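A short write-up of the structure that comes next.
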Number of protein chains: 2
Amino acid sequence: MSLNLQEKILQAASELFYSQGIRATGVDAIVKAASTTKMSLYKYFSSKDDLVIAFLRKRDEDFRVWFVDQVNGKADTPKAKLLAIFDVIGEWMAVPEFRGCAFINAAAEFPLEGNPVHQVSAEFYDHFRNYIADLAEQYGSKSPKNLALQLSLLIEGAIVSEQMKRHSGSAEQAKQAALVLIEGSLSDMPDTSLLTDNSEEEQ
Amino acid sequence: MSLNLQEKILQAASELFYSQGIRATGVDAIVKAASTTKMSLYKYFSSKDDLVIAFLRKRDEDFRVWFVDQVNGKADTPKAKLLAIFDVIGEWMAVPEFRGCAFINAAAEFPLEGNPVHQVSAEFYDHFRNYIADLAEQYGSKSPKNLALQLSLLIEGAIVSEQMKRHSGSAEQAKQAALVLIEGSLSDMPDTSLLTDNSEEEQ
DNA sequence: ATTAAAGTATACCGATCGGTATAGTTACAA
DNA sequence: TTGTAACTATACCGATCGGTATACTTTAAT
């Protein structure tokens with residue numbers, strides 16, 4: 001509830017970074033939004049880059065905690081959870097403040113792989129995919145990591161699709177596709193040997 | 001081959017916009033890369049925004065022409081073309097200059113839907129999806145637009161995934177998922193009634 | 001009451017931003 | 001040869017960028 005100054009600055013910065021973009025947000029705007037001064041900002045964060053990293057790290061943690069909570073609140077079984085992911089994504093997309101994925105956006109604004117901002121963003125999806133892979137394994141997928149990657153492609157695609165054009169039904173379509181992939185990934189499915197593949201053959 | 005000054009400026013700007021980001025690229029850098037002066041730049045483009053729009057419009061046209069050519073060179077039947085899309089994407093991702101999708105990146109840098117840059121970026125995926133939907137219809141999909149949207153989600157997801165972490169096999173996984181979705185979308189498939197669904201029921 | 005820390009206020013720094021004004025070149029057509 | 005259009009060179013504009021210096025005020029513990 002009551003935020004100390006450092007948290008207040010970070011929160012103001014986070015909202016601006018996410019809603020306007022990182023490069024588009026100047027420190028003066030952050031300072032004004034947090035009702036403080038540059039001197040205080042630079043007391044807690046050594047540079048704007050520092051603040052950007054802090055924003056992404058906190059967002060990583062907060063978002064994943066919130067997300068797992070949401071999924072667990074909607075479903076009990078691994079399969080149901082895998083599907084519920086798309087409902088949570090769909091609801092998240094529907095809020096008017098939605099501006100896409102902060103990490104995808106950050107990686108787009110800082111395109112070089114070596115950039116720290118880019119790297120922290122990449123870590124988020126590592127974590128996220130591991131979460132999906134765990135569910136896929138509990139579910140009994142014959143190749144949980146492959147299924148997790150495929151589902152995460154649908155999720156990321158749905159997010160950027162919705163970011164480009166709102167309310168185009170990306171989450172619902174992604175869920176329908178996910179259902180097909182999930183059921184097709186069960187170990188004891190009949191005659192799916194030609195549909196899925198655990199190797200990386202060339203066409 | 002021989003570019004006039006306007007084209008030269010646009011090309012220099014395009015390379016910088018794509019490789020470094022739009023906001024990160026100043027007009028001075030563009031002018032230097034094109035070996036010209038600001039005066040000439042502002043003779044052909046009324047503002048930087050103007051140049052950004054020109055960049056995206058040209059990229060839209062060029063990329064789609066190139067892409068359709070590549071696909072047609074790899075496959076003949078509609079189904080094979082739908083799958084070849086993922087091979088082309090995979091090869092495109094492999095080039096070292098790859099920095100993700102210029103339109104996704106632009107939409108991330110200019111997050112507001114009303115922004116002209118955002119809108120032009122959104123148009124690209126409209127065109128792209130229409131192309132896929134045409135193929136899906138020729139293929140005989142029971143719901144070409146749904147299949148097209150699902151495949152485009154896989155494609156966009158693969159692109160941003162590869163942008164975040166290179167060489168993680170996104171294109172191959174996307175292709176495998178696509179194969180399942182494509183075959184499951186055929187009108188006359190046996191016992192797929194529980195796998196695919198043309199309505200939008202809630203879980 | 002004294003002190004130290006936290007925070008504010010404000011002015012400033014050099015650099016860069018997008019964009020323009022003015023003058024000087026080059027090249028080519030009439 | 002004169003004019004004209006394309007292009008260059010350079011200096012400049014106000015605004016904003018990220019970041020700092022200095023001085024002042026509040027708060028709370030000793």
Side-chain angles (χ1 to χ4, degrees), chain A residues 1-57 105-106 108-112 114-118 120, chain B residues 1-57 105-106 108-112 114-118 120:
Chain A
M1 195 83 243
S2 80
L3 301 172
N4 64 28
L5 186 55
Q6 183 172 14
E7 293 167 333
K8 197 172 161 192
I9 292 169
L10 182 53
Q11 181 177 298
S14 299
E15 282 165 13
L16 288 170
F17 286 156
Y18 179 64
S19 64
Q20 325 264 6
I22 294 172
R23 290 203 126 102
T25 301
V27 294
D28 294 286
I30 296 168
V31 158
K32 184 177 289 184
S35 302
T36 181
T37 63
K38 281 191 185 184
M39 289 312 299
S40 295
L41 188 153
Y42 282 101
K43 183 180 181 184
Y44 293 111
F45 304 96
S46 67
S47 66
K48 186 190 174 183
D49 285 333
D50 212 54
L51 185 51
V52 174
I53 297 291
F55 152 60
L56 292 173
R57 287 205 199 285
N105 295 351
E109 287 204 72
F110 301 85
L112 290 110
N115 187 298
V117 172
H118 193 106
V120 173
Chain B
M1 195 85 243
S2 79
L3 302 172
N4 64 29
L5 185 56
Q6 182 171 14
E7 293 165 333
K8 198 173 160 191
I9 291 169
L10 182 54
Q11 181 177 299
S14 299
E15 284 165 11
L16 288 170
F17 286 155
Y18 179 63
S19 64
Q20 325 262 8
I22 293 172
R23 290 202 127 103
T25 301
V27 295
D28 294 284
I30 296 168
V31 158
K32 184 177 289 183
S35 302
T36 180
T37 64
K38 281 192 186 184
M39 289 313 298
S40 295
L41 188 152
Y42 282 101
K43 183 180 181 184
Y44 294 110
F45 303 95
S46 66
S47 66
K48 185 190 174 184
D49 285 332
D50 211 55
L51 184 52
V52 173
I53 296 292
F55 152 60
L56 292 172
R57 286 206 199 284
N105 294 351
E109 287 205 71
F110 300 86
L112 291 111
N115 187 297
V117 172
H118 194 106
V120 173

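The chains referred to below are lettered A, B, ... by the order of the sequence lines, with proteins before strands, and numbering in each begins at 1. If you're wondering where the values come from, they're calculated on a predicted model, not measured in any experiment.
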Worksheet item: Once you round it to whole Å, what is the distance between C1' of D/dG18 and CZ of A/Phe17?
Response: 12 Å
Practice prompt. Quickly, which of B/Leu51, B/Val27, B/Val31 forms a side chain to side chain contact (heavy atoms under 4.5 Å, CB included) with B/Tyr42? Name it, please.
Written response: B/Val27
Discussion item. Base contacts versus sugar-phosphate-only contacts with protein, heavy atoms under 4.0 Å: please encode nucleotides 19-26 of chain D as B, S and - from 5' to 3'.
Written reply: BBBB----
Practice prompt. Starting from the C-alpha separation in whole Å, work towards a yes-or-no answer on side-chain contact (heavy atoms from CB on, under 4.5 Å) for B/Glu7 and B/Leu10.
Written response: CA-CA 5 Å; B/Glu7 293 165 333; B/Leu10 182 54; 5.6 Å; no
Item to complete: In whole angstrom, give the distance that lies between atom OH of B/Tyr44 and atom P of D/dA6.
Response: 6 Å
Worksheet item: Okay, side chain of B/Glu109, backbone of B/Arg23: is any donor-acceptor separation there less than 3.5 Å?
Response: yes
Worksheet item: Do A/Lys8 and A/Thr36 have side-chain heavy atoms sitting under 4.5 Å apart?
Response: no
Item to complete: Report yes if a side-chain nitrogen or oxygen of A/Thr36 is closer than 4.0 Å to either non-bridging phosphate oxygen (OP1 or OP2) of C/dG7; otherwise report no.
Response: no
Fill in: side-chain N/O A/Thr37 vs C/dA9 OP1/OP2, d < 4.0 Å
no
Worksheet item: Less than 4.5 Å apart, any side-chain heavy atom of A/Ile30 and any of A/Phe17?
Response: yes
Worksheet item: Within this structure, what is the NZ-to-P distance between B/Lys43 and D/dA9, rounded to whole angstrom?
Response: 15 Å
Worksheet item: Please give, in whole Å, the distance from D/dG18 P to A/Phe45 CZ?
Response: 15 Å
Practice prompt. Measure from CZ on B/Arg23 to P on D/dG18 and round the result to the nearest Å.
Written response: 12 Å
Worksheet item: Is there side-chain contact between B/Pro111 and A/Asn105, with at least one heavy-atom pair below 4.5 Å?
Response: no
Practice prompt. Can you tell me the distance, in whole Å, between the NZ atom of A/Lys32 and the P atom of C/dT8?
Written response: 15 Å
